[in-house]
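Here the structure is laid out as structure tokens; the discussion comes afterwards.
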Amino acid sequence: MSTASESPTSEPQHAFRYSGALAQEIEPRWQDWWDAHGTFHTANPSGPLGDPAVVDQPKLFVLDMFPYPSGTGLHVGHPLGFIGTDVFSRFKRMTGHNVLYTMGFDAFGLPAEQFAVQTGQHPAITTAENVANMRRQLRRIGLSHDPRRSIDTTDPAYYRWTQWIFSQIFNAWYDSDRKTARPIGELVDEFAAGTRATPDGRTWAELSASEQADVLDGHRLAYISEAPVNWCPGLGTVVANEEVTADGRSDRGNFPVFKRNMRQWMMRITAYADRLVDDLDLLDWTDSIKAMQRNWIGRSEGARVDFGSPAGPITVFTTRPDTLFGASFMVLAPEHPLVDALTVPEQAATVAEYRRVAGAKSDVARQVDDKTKTGVFTGSYATNPINGEQIPVWIADYVLMGYGTGAIMAVPCGDERDFEFARQFGLPIPAIQQPPASWFDAAGIEPTLDTAAWPEAFVGDAPYVNSANDSLDLNGISDVTTGTRRTNDWLEAHGCGEATVNYKLRDWLFSRQRYWGEPFPIVYDETGHAHTLPDELLPLELPPTDSFSPRTFDPDDAMSNPESPLDRLDWWTTVELDLGDGPKRYRRDTNVMPQWAGSCWYELRYCDPTNENAFIDPEVEAYWMGPQGEGHPGGVDLYVGGVEHAVLHLLYARFWHKVLYDLGHLSSKEPYHRLFNQGYILAAAFKDEREIYVDAFGVEEHDGQFTYQGKPVTREWGKMGKSLKNAVAPDDIYEAYGADTLRLYEMAMGPLDASRPWETRDVVGMYRFLQRVWRNLIDEDTGALRADLPALDDATDRVLHRTIDGVRADMEAMRFNTAIAKLIELNNALTKLGGCPREIGEHVVLMLAPLAPHMAEELWRLLGHDDTVTYESFPVADPAKLVDDTIELPVQINGKVRSRITVAADADAATVEAAALADGKVQASLAGATPKKVVVVPGRTVSLVV
RNA sequence: GCCCGAGUGGCGGAAUGGCAGACGCAGCGGACUCAAAAUCCGCCGAUUGAAAGAUCGUGUGGGUUCGAGUCCCACCUCGGGCACCA
């Protein structure tokens, strides 16, 4: 061991005091030792990483969300979750679990590509450098990853299987009767056998090969469609709905996004909408994340209703079919295909102008505009099927083409938007429900069915009125559920509608016009039909090129067109292949997959990273991912990450997982059984008068006023990061204190799921704690175990066991902050005692091991052990030492604590009551009065009521 | 507007309905030292009191309870998500 040199936080006279410098020596030494000994290698039940013995151990799969290997490296905010999972994994190893814990890199995608474009280097080179740098930084924190299982999405050995999974999805269709994905070949069989009708009724054999291909393409789970997509000229690519922010800009780069019809790859995630909602019930996720997913999928139950019109039936979707009697007009989206046919000549100019204005408005403009209703009459009337009334058909941009059928029946008395529209344009508002008196009271008007007096629409349960025809009578019914059911039955019986379910979720736009992503394993034949490459031709590697930079455009140039970098590579885009009918020329797909593809299945590859025959061995999958008993969906045991992936990654990954499950490749229905959202580390950020962030470390504070270079700045709190100029590098903390101190500080700041502000000056508290632990066991002058350790007394022994009991429970529940507090209390007691009795030393080191593993290894070695502390058993409290002979109880009189009594721990209620009444202070407080009531809570309190 | 989540000392935070403020930071006092640092010991919600103590105190207002930071109702503030989704 080298001698600790002077550091800013230590003094030279104690050569073996635990200092930043000593930590800098101990920590890398143990990190090297762990690597050399393969300490964190985790065995599979079989296969190349196999050891059948592990099957006897309970398994635990702990997963962190896949990080981007950013070019700027880590700041102290990044590893918060990683440290949490590491502490938990280390604890679980000490309780006998076989723990799968590793880390990979989501290295494809925009950030990596943009960094490469900035530096002018090929993304493969910058990615490799960034990954190496991040691995180094993560290793320095002492994370106990199995390095053999680490993966990188840009590695052809990995994306070979991403492409293979794409092929599986492409070659599958969704059988909505059986509610499962099936191989496309089985659909061909059904068509060929005539058990499934073709779209136009001809037999399968009568269709040409090209027509057959068209039919199949219409069923595939991955398909090409010409549909409105989000075109982002500033990025030069299309992006998914989930990547567009509420104000119509791109998630990355914050560029405007335009709706454009384009030919793009889509994933039929809508086929899984129901299962994605329903299976949330099987998951141990927070309610808020579940709510966000439900909200995004947006399932609403209602009915489809056909209204007759001069242009043929207009179909609407409504969640309130029970209000059909109140439908007094219809509204179509301006883009609705029937608008032309419905528009009468006198209205043509007005309608055309309205459509032009509406069409020119971007989504941004539509949302920025105030919500004042606009619209125009088409001149046509439709027939309300339930009462035969002729109602006017309008168009208005408050009806969205992208939701439902792009047309609504307007029930102004029961829908706030329709009410506003009717008021705006003087359309009739017939009342069909009798709102309760309380509703009129709240509105400050007398009860009336004259809606001219109503201030707003009435929404909710109330008796129906004016709601009857010859064969349906809702009048008198007073709940929406019954009204809806009756109406749905009537609609179905009369052939003008049926109950149905509608979703906000749209299919997933899956292609990007970029370079740095997985190429599609797809070629097109001379008729333009897509074929997957045979599996043996995978991976289809990204072609090398210097022009990897995508063509970007003026961010506001809505009419620009995407140009994929791969399109420019003529030598690559055409290829001669034999796909079963002789060698032919094919054209490659020149899109790449979106960022999310690689992270849709990475947890599976962690399980079986070296498998060259399958993306995962079924036996290995069943072991790590399989259901844990009846009703359990399977999936990783603990998944920790930020809340920002609530609807992107988590929805896509669940979808892919379900497809793979349906196709028989997996035993687990869900990828992530338990999800834990860690908080963020916040840091103060400062803005000058121009609203520009200034270097947070140059800001001075005087009397609560902040200044930067003499000028006043304002403080705010935000996620630590480069853009707020407030990032603290972990390296600075290691140098001053070591990684163990950083780990403890991050865990002690608060509960893992809460965001908390970083305070560099607070870090020293955990450093002092580690120094005291060290000092209690180690002679600071010689570095040897202290020879003068005190003897163990009964009271200290009890403190130890109470600590063990509490720390174990806290660790189990991931309450690392309170576990640390209990360890500090124990250590403070030892300091008072003058040192750590030998009998306690090992327990202290073992309890510290998950939190501060480097110091724990070092002390474990000094305590005379010659192997790692990693797999030692976590201490178990002796129950006999958890109970005291006597306890002190507070005595409350009328709810106020007036005295404390000491009684035997097992004293019965009568004894406790007698002791309380006999107490001098209690008697003084009672002043001779007799309590009316005495409540004795054993072991807790005595409460007297006078 | 709708749906989540959170409001506790100067700061981060702790408290199965049972002694509010564990633990850490900052601050104050003491020991050690020629001195300082480090270390060790103690104090550290507010008001009041010489002290013992007393009174108040967990965003606000009600309620349930012998007893509420914790449960219920209403409201305020902050954070997050969704947002003309029929």
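Nothing here was measured: the structure is a model prediction, and the numbers come from that model. In the text below, chain A, chain B and the rest are named by the order of the sequence lines, each starting its count at 1.
- In terms of position on RNA chain B, the residue among Gly402(A) and Arg761(A) whose nearest nucleotide sits closer to the 5' end is Arg761(A).
- For the pair Lys921(A) and A52(B), the criterion of a side-chain N or O lying under 4.0 Å from OP1 or OP2 is not met.
- Below 30°, between 30° and 60°, or above 60°: for Phe425(A) and Trp394(A) the angle between ring planes is between 30° and 60°, a tilted geometry.
- Rounded to whole angstrom, the span from the CD atom of Glu746(A) across to the P atom of C25(B) amounts to 17 Å.
- Between the CD1 atom of Ile824(A) and the P atom of G12(B) there is a distance of 18 Å, given to the nearest Å.
- A straight line from CZ of Arg294(A) to P of A83(B) spans 18 Å, rounded to a whole angstrom.
- In this model, the phosphate group of C40(B) is approached by a side-chain N or O of Arg772(A) to a distance below 4.0 Å at OP1 or OP2.
- Atom CZ in Arg756(A) sits about 20 Å away from atom P in C23(B), given to the nearest Å.
- Asp415(A) and Arg320(A) are not joined by a salt bridge, as no carboxylate oxygen comes within less than 4.0 angstrom of a charged side-chain nitrogen.
- As rounded to the nearest Å, U8(B) and U77(B) have C1' atoms that lie 15 Å from one another.
- Base engagement by Thr941(A) is indicated by at least one non-hydrogen atom pair under 4.0 Å involving a base atom.
- For the pair Phe317(A) CZ and C84(B) P, the computed distance is 17 Å after rounding to whole Å.
- Side-chain contact check for Leu830(A) versus Val844(A): some heavy-atom pair is nearer than 4.5 Å.
- For Ser300(A) and A86(B), the shortest distance from a side-chain N or O to OP1 or OP2 is below 4.0 Å.
- Heavy atoms of Asn828(A) sit under 4.0 angstrom from primed sugar atoms or phosphate atoms, though from no base atom.
- Residue Arg768(A) places at least one side-chain N or O closer than 4.0 Å to OP1 or OP2 of C25(B).
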For the pair Tyr737(A) and Tyr745(A), evaluate ring-ring contact (aromatic ring centres under 6.0 Å, His included) and give the outcome as yes or no after the intermediate values. CA-CA 11 Å; Tyr737(A) 306 109; Tyr745(A) 173 62; 9.4 Å; no
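- Between Asn817(A) and A14(B) there is a side-chain polar atom (N or O) within less than 4.0 angstrom of OP1 or OP2.
- Listed pair Lys822(A) / G24(B) fails the phosphate criterion, with no side-chain N or O lying under 4.0 Å from OP1 or OP2.
- As a whole-Å value, the separation of Asp810(A) CG from A22(B) P is 16 Å.
- Residue Trp285(A) contributes atom CH2, which lies 17 Å from atom P of G5(B) at whole-angstrom precision.
- Base pairing analysis places A68(B) opposite nothing; no Watson-Crick or G-U wobble pair with both distances below 3.5 Å involves it.
- Side-chain atoms of Leu400(A) lie closest to A86(B) of the nucleotides U39(B), C3(B), A86(B).
- In this structure, Leu826(A) atom CG and A22(B) atom P are separated by 18 Å, rounded to whole Å.
- For Lys719(A) and Tyr680(A), the positive end sits near the middle of the six-membered ring, less than 6.0 Å away and at most 45° from its axis.
- Contact annotation for Lys832(A): backbone-only contact, meaning every heavy-atom pair under 4.0 Å involves sugar-phosphate atoms and none involves a base.
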